[in-house]
Engineer: 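Pasting in a structure now, in structure tokens, and then I'll have a few things to ask.
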Amino acid sequence: MWSFSIGCRALEVSARVERDVTMKTRLARFPFVKTLDQFDFSFQPARNSAQIRELATARFVAHGENILLLGPPGVGKTHLAVSLGVAAIMGGISVVFFTVADLVDLVQQDVKEDRLERRLHALCKPTLLILDEMAYVPLDQRSAQLRFRLISRSYQKGSIILTSNKSYGEWGDVVSDYVLATAMLDRLLHYSTTINIRGESYRLREKRKAGVFHDLGAKPVKSSPSSSPKTQGEGQSEINSQYDGL
Ligand code: ADP
Ligand code: MG
């Protein structure tokens, strides 16, 4: 009888935890749900693997640290950001995910409807804020300021994961205000881990494997049996060099 009631209690708790995870995952507004188990670390430089697995413990949130995932398109920045978000939710942490483009659209709408403050308040509630694709959209002054305030507030009470295909030096261009860009970087980098992913695009690798894509600018590959297969990462050195010295 005793063990039966303990068993029931355990079931109740696990059902509650599951409901909590489902609810938090829905509220997080991820573009897709992928976990770290689905990330092929053998495809990316091995040195990232242990570091990322440590981040998946979500200790960085408890310490109020931020994560910056930088690298060229297709290398898995969004996948990793989502996976870390999912791992944080498993640890009971509330998360919200936005692409910077979506955030800009929202801000523009909010300004029209005079509810920017409410939005800011709502965005600052989750403990972990994921801002994806920080450089794809040039930000106007107002959106940049909102983001700065978001970063400042989260900095005091939560953590941010930010992904970007731009190096720090290029952030002034997208924020359209050099002073603001510097202040934002200052806040973000104070307690942070930066992960530079320098591998080949996973998407293009899949396409290349299927034979539908060749490196831009590369000579057409002859299908003669003597032509040697491309080694992984070849043709990427030029793209990756943009990320040197970040
Ligand atoms: P990025 O945000 O850097 O442009 P994404 O995270 O959108 O790249 O990755 C593009 C696609 O490739 C996604 O479907 C993602 O799940 C997949 N992908 C990228 N890198 C890996 C990897 N190392 N292992 C498994 N899937 C990957
Ligand atoms: Mg992405």
Side-chain angles (χ1 to χ4, degrees), residues 1-41 44 48-69 76-103 105-107 109-110 115-134 146-147 149-163 187-188 191-193 195:
M1 188 65 184
W2 176 238
S3 68
F4 176 72
S5 61
I6 290 181
C8 285
R9 177 94 188 99
L11 273 180
E12 248 174 57
V13 171
S14 77
R16 204 172 55 230
V17 169
E18 203 178 312
R19 272 200 307 276
D20 187 53
V21 166
T22 309
M23 175 63 81
K24 283 200 166 87
T25 306
R26 200 176 315 139
L27 290 174
R29 312 161 59 126
F30 295 124
F32 51 78
V33 176
K34 284 195 179 178
T35 63
L36 269 193
D37 292 341
Q38 291 165 281
F39 196 80
D40 178 4
F41 282 103
Q44 301 300 350
N48 284 331
S49 145
Q51 194 182 17
I52 290 164
R53 288 193 190 286
E54 156 60 27
L55 294 175
T57 62
R59 272 193 281 265
F60 75 96
V61 180
H63 298 155
E65 290 167 9
N66 303 314
I67 300 175
L68 285 98
L69 296 165
K77 300 183 297 298
T78 303
H79 184 143
L80 284 175
V82 168
S83 306
L84 293 177
V86 170
I89 286 176
M90 296 293 192
I93 292 161
S94 53
V95 178
V96 70
F97 179 108
F98 272 101
T99 64
V100 173
D102 285 349
L103 195 62
D105 285 350
L106 270 184
V107 168
Q109 199 59 32
D110 290 341
R115 54 170 193 210
L116 201 56
E117 283 307 314
R118 230 181 322 148
R119 173 79 61 197
L120 188 62
H121 184 69
L123 284 173
C124 288
K125 266 192 193 158
T127 316
L128 175 60
L129 169 67
I130 302 178
L131 286 177
D132 195 27
E133 296 174 22
M134 145 92 179
L146 173 96
R147 208 176 40 191
R149 288 173 64 195
L150 256 180
I151 287 170
S152 301
R153 279 208 200 174
S154 302
Y155 173 79
Q156 283 154 13
K157 61 184 278 284
S159 293
I160 293 179
I161 297 178
L162 192 134
T163 82
R187 288 286 169 118
L188 272 173
Y191 295 109
S192 69
T193 301
I195 295 178

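Note that the numbering runs from 1 along the sequence shown for the chain.
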Engineer: Are any of the side-chain heavy atoms of Val21 and Met90 separated by less than 4.5 Å?
Structural biologist: yes
Engineer: Just verifying a value: how many Å separate Arg19 CZ and Ser14 OG, rounded to the nearest 0.5 Å?
Structural biologist: 9.5 Å
Engineer: Closest approach of Arg115 and Asp110, non-hydrogen atoms and distance?
Structural biologist: NE-OD1, 2.8 Å
Engineer: Rounded at 0.5 Å granularity, tell me how far CG in Leu123 sits from CG in Leu131.
Structural biologist: 8.5 Å
Engineer: Heavy-atom distance under 4.5 Å between the side chains of Glu133 and Val100, does that happen here?
Structural biologist: no
Engineer: Salt bridge or not between Arg16 and Asp20? Use side-chain N to carboxylate O under 4.0 Å.
Structural biologist: no
Engineer: Between the side chains of Thr78 and Asp132, is a donor N or O closer than 3.5 angstrom to an acceptor N or O?
Structural biologist: yes
Engineer: Does one side chain, of Ser159 or Asn66, offer a donor that lies under 3.5 Å from an acceptor on the other?
Structural biologist: no
Engineer: Of all the heavy-atom pairs spanning Ser94 and Pro126, show the shortest one and how long it is.
Structural biologist: OG-CA, 3.4 Å
Engineer: With the side chain counted from C-beta on, respond yes when Val86 and Phe30 share a heavy-atom pair under 4.5 Å apart, and no when they do not.
Structural biologist: yes
Engineer: For residues Phe41 and Phe39, establish whether the separation of their ring centroids is below 6.0 Å.
Structural biologist: yes
Engineer: Is there side-chain contact between Ile195 and Ile52, with heavy atoms separated by less than 4.5 Å?
Structural biologist: yes
Engineer: Does Phe32 reach the side chain of Val82, with side-chain heavy atoms less than 4.5 Å apart?
Structural biologist: yes
Engineer: Is the closest side-chain heavy-atom distance between Ile67 and Leu162 below 4.5 Å?
Structural biologist: no
Engineer: Within this structure, what is the CG-CD1 distance for the pair Leu80 and Ile161, rounded to the nearest 0.5 Å?
Structural biologist: 9.5 Å
Engineer: Looking only at non-hydrogen atoms, find the nearest pair between Ala88 and Leu128 and report the distance.
Structural biologist: CB-CD2, 3.9 Å
Engineer: What are the two closest non-hydrogen atoms of Val33 and Gln38, and how far apart are they?
Structural biologist: O-OE1, 4.3 Å
Engineer: With a 3.5 Å distance limit and no angle check, can you tell me whether His79 reaches the backbone of Thr35 through a side-chain donor-acceptor pair?
Structural biologist: yes
Engineer: With Val95 as reference, evaluate Ile130, Thr25, Thr127, Leu27 under the side chain to side chain contact (heavy atoms under 4.5 Å, CB included) test and give the passing residue.
Structural biologist: Ile130
Engineer: Do other residues, nucleotides or ligands put more than 12 heavy atoms under 6.0 Å from the CZ atom of Arg118?
Structural biologist: no
